[in-house]
Structures are given as structure tokens and as C-alpha cells.
Amino acid sequence: PRSTPKPSSAASDVYKRQVNDIYYDEDNQVLLLSLGSGGVLVYNWDGLSLYPNFSAHIVSSHAYSARIFDNKYIIIATKYGVEIYNYENI
């Protein structure tokens, strides 16, 4: 039988949205999903577990991609330019 992975309950609506980019920061063990008009979902993930832990939802302009900079900022490339969020406050 074929099994379907269970989505994280905190972000179950991610499957209704377009994922534009997936980025994993190994140093911080953070997974970022850029969801276009859905902003960015932030997960804590050790890189081994099958189920990352939902951490935050950043509501931004149309998010194309996101990266962590200097271990304290999340930089999001959006339809309208760049948005920077303090990672330490998330």
C-alpha cells in the first residue's frame, strides 16, 4: 500500500498554495517555504526527521524566495522588492 505523508497541522493549507522556493539553512536548522501570496512558512528541522516543526508564518508581499542572513535576518525576495525580517523575533 502507498502511504501519504501527513502535512503539518499548523500549515495544512500549504497544499492549497503554490510553493515558489524551498530553502534549508543547515547551520540554523531552519526550513523556509516561499509561497507566493501566502508569504513564507518557517520550520525548525534537523535535516533527518520526516516531520519538521512549524515555527512561524511570515505574511509578506508575493514571496519568490527567502534566505537567512547573518543568523538574524530573513530576507524575502518579493514581487515588489526585498523585505527583511528580524529572525530573532520570530
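Start at 1 with the first residue, then count along the sequence.
- By the 4.5 Å heavy-atom criterion applied to side chains, Leu35 and Val40 are not counted as neighbours.
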List the atom pairs, donor and acceptor, that lie under 3.5 Å between side-chain atoms in residues 21-30 and the rest of the protein, sequence neighbours left out.
residue : atom : partner : partner atom : Å
Asp21   : OD2  : Arg67   : NH1          : 2.7
Tyr24   : OH   : Trp45   : O            : 3.0
Tyr24   : OH   : Gly47   : N            : 3.4
Asp25   : OD1  : Asp27   : N            : 3.1
Asp25   : OD1  : Asn28   : N            : 2.8
Asp25   : OD1  : Asn28   : ND2          : 3.2
Asp25   : OD2  : Asn28   : ND2          : 3.4
Asn28   : ND2  : Asn71   : OD1          : 2.9

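- Remark: side-chain polar atoms of His62 are not paired, donor with acceptor, to backbone N or O of Gly38 under 3.5 angstrom.
- Nearest approach of Tyr85 to Val59, heavy atoms of both residues: OH-O, 3.5 Å.
- Between Ser34 and Ala66, the shortest heavy-atom distance links the atoms OG-N, 3.2 Å.
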Please set out all donor-acceptor pairs under 3.5 angstrom arising from side-chain atoms of residues 72-79, sequence neighbours excluded.
residue : atom : partner : partner atom : Å
Thr78   : OG1  : Tyr80   : N            : 3.1
Thr78   : OG1  : Gly81   : N            : 3.1
Thr78   : OG1  : Gly81   : O            : 2.7

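- You'll find the side chain of Phe54 reaches within 4.5 Å of the side chain of Leu41, heavy atoms only.
- Contact detail for Ala63 and Gly39: the closest heavy-atom pair is CB-O, 3.6 Å.
- Residue Asn20 holds its CG atom at 9.0 Å from OG of Ser37, rounded to the nearest 0.5 Å.
- Summarising the hydrophobic clusters (Ile, Leu, Val, Met, Phe, Trp, Tyr; side-chain heavy atoms under 4.5 Å, direct or chained), the residues clustered with Tyr64 are none.
- Within the model, atoms CG of Leu31 and CG of Asp46 stand 11.0 Å from one another, a figure rounded to the nearest 0.5 Å.
- Considering only residues two or more places apart in sequence or on other chains, Ser61 meets the side chain to side chain donor-acceptor pair (under 3.5 Å) condition with Glu83.
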